[in-house]
Amino acid sequence: MAVGNILRELRVRRGWTRADLSSRTGGLIAPSSISGYESGYRALKLELLASLCAALGVRVEAVIRAADHRSRAGLPR
């Protein structure tokens, strides 16, 4: 779920809606799916994470590293 929270934070920081992010993936990922990934209700496959990261302009490794850091530090996921 930490990955989903980070994706949400990145999206919100850019001022984008889930529909905005969806369109930036070329419509590959529906806004409802993005909602599920951000909330942790849906499992996020690596290829979809890569698409979301590309749309957000961040590296997959950076998102995973940040999620791992939060988990190890006991920070809110």
Practice prompt. Identify which one of V63, V58, I64 satisfies the side chain to side chain contact (heavy atoms under 4.5 Å, CB included) criterion when paired with V60.
Written response: I64

Fill in: Residue pairs involving residues 50-61 (criterion salt bridge (Lys or Arg N to Asp or Glu O under 4.0 Å); sequence neighbours excluded)
R59-E61

Worksheet item: side chain to side chain contact (heavy atoms under 4.5 Å, CB included) with A66: which residues, sequence neighbours excluded?
Response: I6

Under 3.5 Å, which donor-acceptor pairs link side chains of residues 40-56 to any protein atom two or more places apart or in another chain?
from : atom 1 : to  : atom 2 : distance (Å)
R42  : NH1    : S33 : OG     : 3.0
S51  : OG     : E47 : O      : 3.2

Side-chain donor-acceptor distances from residues 18-29 under 3.5 Å, at least two apart:
from : atom 1 : to  : atom 2 : distance (Å)
R18  : NE     : E38 : OE1    : 2.9
R18  : NH2    : E38 : OE1    : 3.1
D20  : OD2    : T17 : N      : 2.8
D20  : OD2    : T17 : OG1    : 3.2
S22  : OG     : I29 : O      : 2.6
S23  : OG     : D20 : O      : 2.8
T25  : OG1    : S22 : O      : 2.6
T25  : OG1    : L28 : N      : 3.4
T25  : OG1    : I29 : N      : 3.3

